[in-house]
Amino acid sequence: MNSRLLLLPLVVFAMVAAEAQNGPSRWSEEQANAWYAKQPWLVGANFVPSDAINQLEMFQAATFNPTLIDKELGLAEGIGMNTMRVFLQDQLWEQDAEGFKQRLGVFLSIAAKHHIRPLLVLFDSCWESDPRLGPQHPPIPGVHNSGWVQSPGKKRLLGPEYEPRLKSYVQGIVGEFANDDRILGWDIWNEPDNRGGDREEDFAAKVNRVNQLLPNAFAWARAMHPSQPLTSGVWTGDWGEEGKESATTRIQLAESDVISFHNYDWPEVFEARIEVLKRYHRPILCTEYMARGNGSTFDTILPIAKRYNVAAINWGLVAGKTQTYLPWDSWQRPYVLAQPTIWFHEVFRQDDTPYRQREVDLIRELTGRGAPTSTSIP
(Lines give C-alpha, C1' and ligand atoms only; values in the text may rest on other atoms or scores of the structure.)
Protein backbone atom coordinates (compact mmCIF):
# COMPACT_ATOMS: atom_id res chain seq x y z
CA MET A 1 0.00 0.00 0.00
CA ASN A 2 1.18 3.54 -0.73
CA SER A 3 2.91 4.93 2.35
CA ARG A 4 1.14 8.24 1.78
CA LEU A 5 -2.20 6.47 2.19
CA LEU A 6 -0.99 4.94 5.45
CA LEU A 7 -0.10 8.40 6.73
CA LEU A 8 -3.40 9.99 5.68
CA PRO A 9 -5.44 8.83 8.72
CA LEU A 10 -2.71 10.16 11.01
CA VAL A 11 -2.79 13.55 9.27
CA VAL A 12 -6.58 13.74 9.51
CA PHE A 13 -6.46 12.72 13.16
CA ALA A 14 -3.87 15.41 13.88
CA MET A 15 -6.02 18.04 12.18
CA VAL A 16 -9.12 17.02 14.13
CA ALA A 17 -7.15 16.90 17.37
CA ALA A 18 -5.72 20.38 16.73
CA GLU A 19 -9.17 21.79 16.04
CA ALA A 20 -10.56 20.13 19.16
CA GLN A 21 -7.80 21.71 21.22
CA ASN A 22 -7.70 25.13 19.66
CA GLY A 23 -11.19 25.39 18.19
CA PRO A 24 -12.15 26.35 14.64
CA SER A 25 -10.08 29.20 13.30
CA ARG A 26 -10.95 32.57 11.85
CA TRP A 27 -11.87 32.56 8.18
CA SER A 28 -8.96 33.16 5.86
CA GLU A 29 -8.94 36.30 3.71
CA GLU A 30 -9.78 34.08 0.74
CA GLN A 31 -12.80 32.55 2.50
CA ALA A 32 -14.08 35.94 3.62
CA ASN A 33 -13.74 37.52 0.21
CA ALA A 34 -15.28 34.51 -1.55
CA TRP A 35 -18.30 34.77 0.76
CA TYR A 36 -18.64 38.50 0.09
CA ALA A 37 -18.40 38.05 -3.67
CA LYS A 38 -21.62 36.04 -3.49
CA GLN A 39 -23.53 38.82 -1.73
CA PRO A 40 -25.44 41.64 -3.39
CA TRP A 41 -24.54 45.12 -2.22
CA LEU A 42 -25.79 45.08 1.36
CA VAL A 43 -27.89 48.05 2.43
CA GLY A 44 -30.15 48.11 5.48
CA ALA A 45 -30.90 49.49 8.91
CA ASN A 46 -30.49 48.69 12.57
CA PHE A 47 -33.96 47.42 13.31
CA VAL A 48 -36.24 47.31 16.32
CA PRO A 49 -39.99 47.53 15.65
CA SER A 50 -41.52 50.88 16.47
CA ASP A 51 -43.56 49.44 19.35
CA ALA A 52 -40.47 48.16 21.21
CA ILE A 53 -38.19 50.27 23.39
CA ASN A 54 -35.41 47.67 23.39
CA GLN A 55 -34.31 44.11 22.58
CA LEU A 56 -36.34 42.59 25.42
CA GLU A 57 -39.58 44.21 24.35
CA MET A 58 -38.97 43.12 20.77
CA PHE A 59 -38.58 39.42 21.58
CA GLN A 60 -40.40 38.65 24.84
CA ALA A 61 -43.50 36.52 24.26
CA ALA A 62 -45.92 39.10 25.68
CA THR A 63 -44.78 41.88 23.33
CA PHE A 64 -43.45 40.08 20.24
CA ASN A 65 -45.42 41.56 17.33
CA PRO A 66 -45.01 39.67 14.03
CA THR A 67 -47.70 41.74 12.30
CA LEU A 68 -45.88 45.02 12.89
CA ILE A 69 -42.52 43.47 12.06
CA ASP A 70 -43.97 42.25 8.76
CA LYS A 71 -45.28 45.71 7.90
CA GLU A 72 -42.07 47.52 8.79
CA LEU A 73 -39.78 45.07 6.99
CA GLY A 74 -42.08 45.54 4.01
CA LEU A 75 -41.26 49.24 4.12
CA ALA A 76 -37.55 48.38 4.13
CA GLU A 77 -37.91 46.02 1.18
CA GLY A 78 -39.88 48.67 -0.67
CA ILE A 79 -36.91 51.06 -0.66
CA GLY A 80 -34.32 48.45 -1.66
CA MET A 81 -32.96 47.34 1.70
CA ASN A 82 -31.83 43.71 1.91
CA THR A 83 -30.39 43.40 5.41
CA MET A 84 -31.19 44.46 8.98
CA ARG A 85 -28.99 44.49 12.06
CA VAL A 86 -30.98 43.05 14.96
CA PHE A 87 -30.00 42.92 18.63
CA LEU A 88 -30.65 39.86 20.80
CA GLN A 89 -30.31 39.69 24.61
CA ASP A 90 -28.83 36.94 26.78
CA GLN A 91 -31.59 36.93 29.41
CA LEU A 92 -34.15 36.01 26.75
CA TRP A 93 -32.32 32.69 26.44
CA GLU A 94 -32.46 31.97 30.16
CA GLN A 95 -36.07 33.04 30.44
CA ASP A 96 -37.36 30.71 27.72
CA ALA A 97 -34.76 29.22 25.39
CA GLU A 98 -37.21 27.24 23.27
CA GLY A 99 -39.66 30.12 23.02
CA PHE A 100 -36.89 32.55 22.14
CA LYS A 101 -35.63 30.28 19.36
CA GLN A 102 -39.18 29.90 18.06
CA ARG A 103 -39.81 33.65 17.99
CA LEU A 104 -36.43 34.33 16.39
CA GLY A 105 -37.32 31.73 13.76
CA VAL A 106 -40.60 33.55 13.10
CA PHE A 107 -38.71 36.82 12.72
CA LEU A 108 -36.28 35.21 10.27
CA SER A 109 -39.15 33.84 8.19
CA ILE A 110 -40.75 37.28 8.01
CA ALA A 111 -37.42 38.80 7.01
CA ALA A 112 -36.89 36.13 4.34
CA LYS A 113 -40.35 36.87 2.93
CA HIS A 114 -39.08 40.41 2.32
CA HIS A 115 -35.71 39.23 0.89
CA ILE A 116 -33.90 40.55 3.98
CA ARG A 117 -31.05 38.63 5.66
CA PRO A 118 -30.27 40.04 9.11
CA LEU A 119 -27.00 40.42 10.95
CA LEU A 120 -27.71 39.23 14.51
CA VAL A 121 -26.00 40.93 17.47
CA LEU A 122 -25.34 38.71 20.50
CA PHE A 123 -23.88 41.11 23.12
CA ASP A 124 -24.01 44.88 23.58
CA SER A 125 -22.23 47.22 26.01
CA CYS A 126 -24.52 50.22 25.49
CA TRP A 127 -26.88 51.90 27.97
CA GLU A 128 -28.80 50.38 30.89
CA SER A 129 -26.43 48.19 32.89
CA ASP A 130 -29.15 46.43 34.92
CA PRO A 131 -31.54 44.95 32.32
CA ARG A 132 -34.61 43.20 33.67
CA LEU A 133 -37.05 40.84 32.06
CA GLY A 134 -40.76 41.55 32.06
CA PRO A 135 -42.57 44.79 31.24
CA GLN A 136 -40.19 47.57 30.17
CA HIS A 137 -40.57 51.17 31.30
CA PRO A 138 -42.13 53.66 28.86
CA PRO A 139 -39.88 56.04 26.92
CA ILE A 140 -38.56 59.03 28.86
CA PRO A 141 -40.13 62.05 27.12
CA GLY A 142 -37.77 63.84 24.76
CA VAL A 143 -34.79 61.49 25.28
CA HIS A 144 -32.88 59.48 22.66
CA ASN A 145 -32.88 55.68 23.22
CA SER A 146 -33.98 55.96 26.85
CA GLY A 147 -34.76 52.26 27.35
CA TRP A 148 -31.96 50.37 25.60
CA VAL A 149 -30.25 47.66 27.68
CA GLN A 150 -26.84 46.06 27.80
CA SER A 151 -26.24 42.37 27.22
CA PRO A 152 -24.95 41.07 29.50
CA GLY A 153 -25.78 43.51 32.28
CA LYS A 154 -23.15 44.57 34.77
CA LYS A 155 -23.74 41.77 37.28
CA ARG A 156 -23.60 39.04 34.68
CA LEU A 157 -20.62 40.60 32.92
CA LEU A 158 -18.43 40.99 35.99
CA GLY A 159 -19.45 37.78 37.78
CA PRO A 160 -17.30 34.83 36.62
CA GLU A 161 -20.01 32.45 37.81
CA TYR A 162 -22.24 33.71 34.98
CA GLU A 163 -19.76 32.89 32.21
CA PRO A 164 -21.11 29.34 31.61
CA ARG A 165 -24.58 30.83 31.14
CA LEU A 166 -23.28 33.31 28.58
CA LYS A 167 -21.52 30.49 26.75
CA SER A 168 -24.74 28.46 26.77
CA TYR A 169 -26.63 31.41 25.27
CA VAL A 170 -24.10 32.00 22.48
CA GLN A 171 -23.77 28.35 21.57
CA GLY A 172 -27.49 27.68 21.88
CA ILE A 173 -28.46 30.47 19.48
CA VAL A 174 -25.57 30.12 17.03
CA GLY A 175 -25.85 26.34 17.11
CA GLU A 176 -29.56 26.44 16.34
CA PHE A 177 -29.11 28.68 13.30
CA ALA A 178 -25.52 27.84 12.27
CA ASN A 179 -26.50 26.72 8.78
CA ASP A 180 -29.54 28.93 8.30
CA ASP A 181 -29.33 30.77 4.98
CA ARG A 182 -31.80 33.35 6.28
CA ILE A 183 -29.02 34.84 8.46
CA LEU A 184 -26.31 37.07 6.99
CA GLY A 185 -23.86 36.87 9.88
CA TRP A 186 -23.19 37.17 13.61
CA ASP A 187 -22.13 40.43 15.26
CA ILE A 188 -20.57 39.07 18.42
CA TRP A 189 -20.45 42.25 20.54
CA ASN A 190 -21.67 45.76 19.83
CA GLU A 191 -19.24 48.50 20.91
CA PRO A 192 -17.66 46.28 23.59
CA ASP A 193 -15.70 49.08 25.24
CA ASN A 194 -18.52 51.61 25.30
CA ARG A 195 -19.03 52.97 28.79
CA GLY A 196 -22.79 52.96 28.20
CA GLY A 197 -24.74 53.49 31.40
CA ASP A 198 -21.90 52.47 33.69
CA ARG A 199 -20.34 54.78 36.24
CA GLU A 200 -16.99 56.33 35.38
CA GLU A 201 -15.29 54.61 38.34
CA ASP A 202 -16.50 51.19 37.11
CA PHE A 203 -15.46 51.63 33.51
CA ALA A 204 -11.90 50.24 33.73
CA ALA A 205 -13.13 47.03 35.34
CA LYS A 206 -15.81 46.70 32.67
CA VAL A 207 -13.35 47.04 29.79
CA ASN A 208 -10.92 44.64 31.42
CA ARG A 209 -13.61 42.00 31.77
CA VAL A 210 -14.91 42.62 28.24
CA ASN A 211 -11.41 42.08 26.89
CA GLN A 212 -11.34 38.71 28.65
CA LEU A 213 -14.76 37.63 27.39
CA LEU A 214 -14.68 38.98 23.84
CA PRO A 215 -12.23 36.39 22.40
CA ASN A 216 -14.09 33.70 24.36
CA ALA A 217 -17.39 34.78 22.80
CA PHE A 218 -15.87 34.50 19.32
CA ALA A 219 -14.54 31.04 20.21
CA TRP A 220 -17.91 29.90 21.60
CA ALA A 221 -19.62 30.93 18.38
CA ARG A 222 -16.95 29.39 16.15
CA ALA A 223 -17.21 26.09 18.01
CA MET A 224 -20.70 25.73 16.54
CA HIS A 225 -19.23 25.84 13.01
CA PRO A 226 -21.52 28.54 11.62
CA SER A 227 -21.71 28.92 7.85
CA GLN A 228 -22.08 32.68 8.38
CA PRO A 229 -19.20 35.06 9.19
CA LEU A 230 -18.46 36.53 12.61
CA THR A 231 -17.64 40.18 13.27
CA SER A 232 -17.54 42.93 15.90
CA GLY A 233 -17.54 46.53 14.75
CA VAL A 234 -14.71 48.89 15.65
CA TRP A 235 -16.10 52.27 16.55
CA THR A 236 -13.70 54.51 18.48
CA GLY A 237 -10.04 55.42 18.69
CA ASP A 238 -7.21 55.25 16.16
CA TRP A 239 -7.30 52.33 13.70
CA GLY A 240 -4.84 53.85 11.28
CA GLU A 241 -1.54 52.68 12.69
CA GLU A 242 -0.66 49.38 14.30
CA GLY A 243 0.09 49.79 17.97
CA LYS A 244 -2.22 52.77 18.43
CA GLU A 245 -5.43 50.76 18.62
CA SER A 246 -6.99 50.00 21.99
CA ALA A 247 -6.74 46.45 23.32
CA THR A 248 -10.43 45.96 22.55
CA THR A 249 -10.05 47.15 18.96
CA ARG A 250 -7.11 44.82 18.43
CA ILE A 251 -9.22 41.87 19.57
CA GLN A 252 -12.09 42.88 17.31
CA LEU A 253 -9.87 43.22 14.24
CA ALA A 254 -7.97 40.01 14.96
CA GLU A 255 -11.10 37.89 15.50
CA SER A 256 -13.51 39.19 12.85
CA ASP A 257 -13.98 37.13 9.69
CA VAL A 258 -15.30 40.26 7.97
CA ILE A 259 -14.39 43.75 9.18
CA SER A 260 -17.16 46.00 10.45
CA PHE A 261 -17.13 49.55 11.75
CA HIS A 262 -19.33 52.41 12.94
CA ASN A 263 -19.10 56.00 11.78
CA TYR A 264 -21.45 58.93 12.30
CA ASP A 265 -19.12 61.61 10.97
CA TRP A 266 -18.66 63.73 7.86
CA PRO A 267 -18.26 61.90 4.53
CA GLU A 268 -14.54 62.63 4.30
CA VAL A 269 -14.02 60.96 7.69
CA PHE A 270 -16.17 58.01 6.63
CA GLU A 271 -14.08 57.52 3.50
CA ALA A 272 -10.83 57.84 5.46
CA ARG A 273 -12.01 55.08 7.82
CA ILE A 274 -12.65 52.79 4.85
CA GLU A 275 -9.18 53.50 3.45
CA VAL A 276 -7.62 52.55 6.78
CA LEU A 277 -9.58 49.29 7.03
CA LYS A 278 -8.73 48.23 3.46
CA ARG A 279 -5.31 47.13 4.70
CA TYR A 280 -6.91 44.05 6.28
CA HIS A 281 -7.89 42.76 2.80
CA ARG A 282 -11.28 41.58 4.03
CA PRO A 283 -14.87 42.61 3.27
CA ILE A 284 -15.93 45.80 5.04
CA LEU A 285 -19.37 46.39 6.54
CA CYS A 286 -20.43 49.71 8.02
CA THR A 287 -22.94 48.52 10.62
CA GLU A 288 -23.86 51.96 12.01
CA TYR A 289 -24.03 55.35 10.26
CA MET A 290 -26.49 58.16 9.44
CA ALA A 291 -26.88 60.91 12.00
CA ARG A 292 -28.19 63.85 10.01
CA GLY A 293 -27.30 66.58 12.48
CA ASN A 294 -23.79 65.17 12.82
CA GLY A 295 -22.97 65.37 9.10
CA SER A 296 -23.66 61.71 8.27
CA THR A 297 -26.52 61.48 5.74
CA PHE A 298 -27.79 59.09 3.11
CA ASP A 299 -26.98 61.68 0.44
CA THR A 300 -23.30 61.89 1.37
CA ILE A 301 -22.47 58.43 2.75
CA LEU A 302 -24.32 55.93 0.54
CA PRO A 303 -22.57 56.91 -2.73
CA ILE A 304 -19.18 56.46 -1.03
CA ALA A 305 -20.20 53.07 0.38
CA LYS A 306 -21.33 51.92 -3.06
CA ARG A 307 -18.13 53.08 -4.70
CA TYR A 308 -16.08 51.01 -2.26
CA ASN A 309 -18.59 48.11 -2.17
CA VAL A 310 -18.94 48.58 1.58
CA ALA A 311 -22.14 47.36 3.22
CA ALA A 312 -24.16 50.25 4.66
CA ILE A 313 -26.49 49.74 7.64
CA ASN A 314 -27.90 52.97 9.06
CA TRP A 315 -29.34 53.39 12.54
CA GLY A 316 -33.13 53.24 12.69
CA LEU A 317 -35.98 52.40 10.35
CA VAL A 318 -39.35 53.57 11.73
CA ALA A 319 -39.72 56.24 14.43
CA GLY A 320 -41.08 54.75 17.63
CA LYS A 321 -40.43 54.04 21.28
CA THR A 322 -36.64 54.22 21.00
CA GLN A 323 -37.00 57.90 19.99
CA THR A 324 -33.68 57.80 18.16
CA TYR A 325 -34.93 60.47 15.76
CA LEU A 326 -33.95 62.76 18.66
CA PRO A 327 -30.26 63.75 18.79
CA TRP A 328 -27.67 62.64 21.31
CA ASP A 329 -27.76 65.98 23.12
CA SER A 330 -31.26 65.05 24.35
CA TRP A 331 -29.50 63.14 27.13
CA GLN A 332 -28.52 66.52 28.59
CA ARG A 333 -31.38 68.60 27.11
CA PRO A 334 -34.57 66.59 26.51
CA TYR A 335 -36.69 67.72 23.57
CA VAL A 336 -39.92 68.20 25.51
CA LEU A 337 -41.05 71.72 24.65
CA ALA A 338 -39.60 71.77 21.14
CA GLN A 339 -38.63 69.21 18.50
CA PRO A 340 -35.19 69.12 16.85
CA THR A 341 -34.69 71.08 13.65
CA ILE A 342 -33.95 67.85 11.77
CA TRP A 343 -34.34 64.20 12.69
CA PHE A 344 -31.17 62.46 13.86
CA HIS A 345 -31.90 58.83 12.82
CA GLU A 346 -34.83 56.90 11.28
CA VAL A 347 -36.18 56.69 7.73
CA PHE A 348 -39.96 56.50 8.21
CA ARG A 349 -42.51 58.30 10.35
CA GLN A 350 -45.05 56.42 12.47
CA ASP A 351 -47.61 56.76 9.67
CA ASP A 352 -45.18 54.88 7.35
CA THR A 353 -44.41 57.92 5.19
CA PRO A 354 -40.73 58.75 4.58
CA TYR A 355 -39.17 61.43 6.76
CA ARG A 356 -37.64 62.76 3.54
CA GLN A 357 -38.77 61.45 0.16
CA ARG A 358 -35.48 62.21 -1.55
CA GLU A 359 -33.69 59.82 0.83
CA VAL A 360 -35.82 56.79 -0.01
CA ASP A 361 -35.64 57.66 -3.72
CA LEU A 362 -31.85 57.74 -3.44
CA ILE A 363 -31.70 54.35 -1.70
CA ARG A 364 -33.83 52.81 -4.45
CA GLU A 365 -31.72 54.50 -7.11
CA LEU A 366 -28.37 53.35 -5.71
CA THR A 367 -29.46 49.80 -4.87
CA GLY A 368 -31.49 49.30 -8.03
CA ARG A 369 -34.06 47.57 -5.86
CA GLY A 370 -37.40 48.33 -4.26
CA ALA A 371 -40.53 50.08 -5.41
CA PRO A 372 -43.28 52.05 -3.73
CA THR A 373 -45.56 49.44 -2.15
CA SER A 374 -48.79 49.31 -0.17
CA THR A 375 -48.19 49.21 3.58
CA SER A 376 -51.42 47.35 4.29
CA ILE A 377 -51.21 43.86 5.82
CA PRO A 378 -53.42 41.27 4.10
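This chain uses plain numbering: 1 for the first residue, then up along the sequence. If you're wondering where the values come from, they're calculated on a predicted model, not measured in any experiment.
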* Name the orientation class of the two ring planes belonging to H345 and W328 (parallel below 30°, tilted from 30 to 60°, perpendicular beyond 60°). => perpendicular

* **Test salt bridge (charged side-chain N to carboxylate O under 4.0 Å, His left out) applied to E191 - qualifying residues, sequence neighbours left out** => none

* Asked: More than 12 heavy atoms of other residues, nucleotides or ligands under 6.0 Å from NZ of K167: is that the case?
  -> no

* Stepwise, does the side chain to side chain donor-acceptor pair (under 3.5 Å) test hold for Y335 with D329? -> CA-CA 9 Å; Y335 286 79; D329 68 9; 2.9 Å; yes

* Asked: Does atom CH2 of W266 have more than 12 heavy-atom neighbours from other groups under 6.0 Å away?
  -> no

* Asked: So, S330 side chain and R333 main chain: donor-acceptor pair closer than 3.5 Å or not?
  -> no

* Asked: Salt-bridged, E29 to R282, with N to O below 4.0 Å?
  -> no

* Asked: Salt bridge between D96 and K101, side-chain N to carboxylate O under 4.0 Å?
  -> no

* **Pairing residues for E30 by the salt bridge (charged side-chain N to carboxylate O under 4.0 Å, His left out) criterion, not counting sequence neighbours** => none

* Partners passing salt bridge (charged side-chain N to carboxylate O under 4.0 Å, His left out) against E161 (at least two apart in sequence or in another chain) -> none

* To do: Please work out whether the ring planes of W331 and W127 are parallel, tilted or perpendicular, with thresholds of 30° and 60°.
  => tilted

* Polar side-chain atom of Q228 near backbone of D180 as donor-acceptor pair, under 3.5 Å -> yes

* List the steps, then state whether side-chain contact (heavy atoms from CB on, under 4.5 Å) holds for Q323 with H144. => CA-CA 5 Å; Q323 300 180 156; H144 174 109; 5.9 Å; no

* Run the salt-bridge test on R156 and E163 with the 4.0 Å N-O cut-off and return the result as yes or no. => no

* Closest approach of R182 to S109 (non-hydrogen atoms, all atoms of both residues) -> NH1-OG, 2.8 Å

* CZ (R279) with more than 12 external heavy atoms under 6.0 Å -> yes

* Charged N-O contact under 4.0 Å between E98 and R103 -> no

* Structure fact -> Which of Y264, Y308, F261 passes ring-ring contact (aromatic ring centres under 6.0 Å, His included) with F270? It is F261

* Hydrophobic cluster membership, F177 vs W220, 4.5 Å side-chain cutoff -> yes

* Asked: Relative to the ring of Y169, is the ring of F100 parallel (under 30°), tilted (30 to 60°) or perpendicular (over 60°)?
  -> parallel

* **Candidates N46, V43, L184 - the one meeting side chain to side chain contact (heavy atoms under 4.5 Å, CB included) with I313** => N46

* May I ask you to say whether E94 pairs ionically with R165, meaning some side-chain N is under 4.0 Å from a carboxylate O? => yes

* Structure fact -> The residue among N190, T249, N194, D193 that forms side chain to side chain donor-acceptor pair (under 3.5 Å) with W235 is D193

* Asked: Should F203 and W189 be regarded as members of a common hydrophobic cluster, given that ILVMFWY residues are connected when their side-chain heavy atoms come within less than 4.5 Å of each other, either directly or indirectly?
  -> no

* For F87 and F59, run ring pair (Phe, Tyr, Trp, His ring centres under 6.0 Å): C-alpha distance rounded to whole Å, both residues' side-chain angles, the deciding distance at 0.1 Å, then the answer. => CA-CA 10 Å; F87 289 72; F59 280 111; over 10 Å; no

* Ion pair check, R369 and E77, cut-off under 4.0 Å -> no

* Within a radius of less than 6.0 Å around CG of D181, do more than 12 heavy atoms belonging to other residues, nucleotides or ligands occur? -> no

* Count the heavy atoms belonging to other residues, nucleotides or ligands that lie under 6.0 Å from NZ of K244, then report whether that count exceeds 12. => no

* Asked: Taking the six-membered ring of W343, is the NZ or CZ of R292 close enough (under 6.0 Å from the centre) and on axis enough (within 45°)?
  -> no

